[in-house]
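The block underneath contains the structure these notes are about, expressed in structure tokens.
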Amino acid sequence: MRHANFDVRIDPNVSPAQDAQFRVRPGLAGASGTVSFESVNFPGYYLRHYGFDFQLAANDGSGTFAGDATFRQVAGLASASWASFQSYNYPDRYIRHYNYVLRLDPITDAQGRADATFRLTS
């Protein structure tokens, strides 16, 4: 997962490497057990959904932004040893990659479960 021109996508061999690095922060919406993803090379910019598409955007301090940038980390939908991320403000939707872009989608089949399962690295 990486950002490029403030769009969020899946790419191999990311350069600069920081475009694919995010700090896992406590969820901006303030709910217990939630996380938000802050860009390493653009501090104050977070992964957020807008129209169920993802972008890297500056935190404007609004409740809408906080909800759009907050996710509940759960056991991976395709592999419990990995992770999936459920939307805070649309709990029937998860972060998933589709056609090399990140989306917020309902997950209804095995392919969706695989696309919505991520390995966290440090």
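- Using a 4.5 Å heavy-atom cutoff, the side chains of Arg25 and Phe37 are not in contact.
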Item checked: Step-by-step side-chain contact (heavy atoms from CB on, under 4.5 Å) determination, Val40 to Arg23 -> CA-CA 6 Å; Val40 166; Arg23 288 183 179 89; 4.0 Å; yes

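- For the pair Arg103 and Tyr98, the tightest heavy-atom approach, listed with the atom from each and the gap, is CD-CB, 3.8 Å.
- A distance of 10.0 Å separates CZ in Arg119 from OG in Ser81, rounded to the nearest 0.5 Å.
- Inter-residue side-chain proximity for Val74 and Phe85 is flagged as unmet; no heavy-atom pair is nearer than 4.5 Å.
- Counting heavy atoms from C-beta on, the side chains of Thr34 and Gln73 never come closer than 4.5 Å.
- Side-chain N or O atoms of Ser36 include one that pairs as donor or acceptor with a backbone N or O of Leu28 at under 3.5 Å.
- Residues Tyr46 and Leu56 are not in side-chain contact: their nearest non-hydrogen atoms beyond the backbone lie 4.5 Å or more apart.
- When every heavy atom of Leu77 is checked against every heavy atom of Ala116, the shortest pair comes out as CD1-CB, 4.1 Å.
- When all heavy atoms of Tyr94 and Ser84 are compared, the closest pair comes out as CD2-CB, 4.3 Å.
- Considering every non-hydrogen atom in both Ala58 and Tyr45, the closest pair reads N-CD2, 3.3 Å.
- A continuous path of ILVMFWY side-chain contacts below 4.5 Å connects Leu120 to Val24, so both sit in one hydrophobic cluster.
- Ring orientation note: the planes of Tyr90 and Phe52 are nearly perpendicular, at an angle over 60° on the 30°/60° scale.
- Note that CG of Asp60 is 9.5 Å distant from CG of Asp68, once rounded to the nearest 0.5 Å.
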Checklist line | Evaluation steps, side-chain contact (heavy atoms from CB on, under 4.5 Å), between Phe54 and Leu47 | finding: CA-CA 7 Å; Phe54 278 89; Leu47 180 69; 3.6 Å; yes

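- Linking Ile, Leu, Val, Met, Phe, Trp and Tyr whenever their side-chain heavy atoms come within less than 4.5 Å leaves Ile95 and Ile107 in two separate clusters.
- The closest side-chain donor-acceptor pair between Ser62 and Thr64, if any, does not fall under 3.5 angstrom.
- Within the 3.5 Å criterion, the main-chain N or O of Gly61 finds a donor-acceptor partner in the side chain of Asn59.
- Looking at every heavy atom in both residues, Thr70 comes nearest to Ala29 through OG1-N, 2.9 Å.
- Here the side chains of Asp92 and Gln86 are not in contact, with every heavy-atom distance at 4.5 Å or above.
- Ring geometry for His97 against Phe118 counts as perpendicular: the plane angle is over 60°, on a 0 to 90° scale with 30° as the lower cut.
- Within 6.0 Å of CZ in Phe65 there are more than 12 heavy atoms belonging to other residues, nucleotides or ligands.
- The two residues Ser87 and His49 have their closest heavy-atom pair at OG-NE2, 3.8 Å.
- The distance from atom CZ of Arg96 to atom CG of Leu102, rounded to the nearest 0.5 Å, is 10.0 Å.
- Between the Arg93 side chain and the Leu104 main chain, a donor and an acceptor come within less than 3.5 Å of each other.
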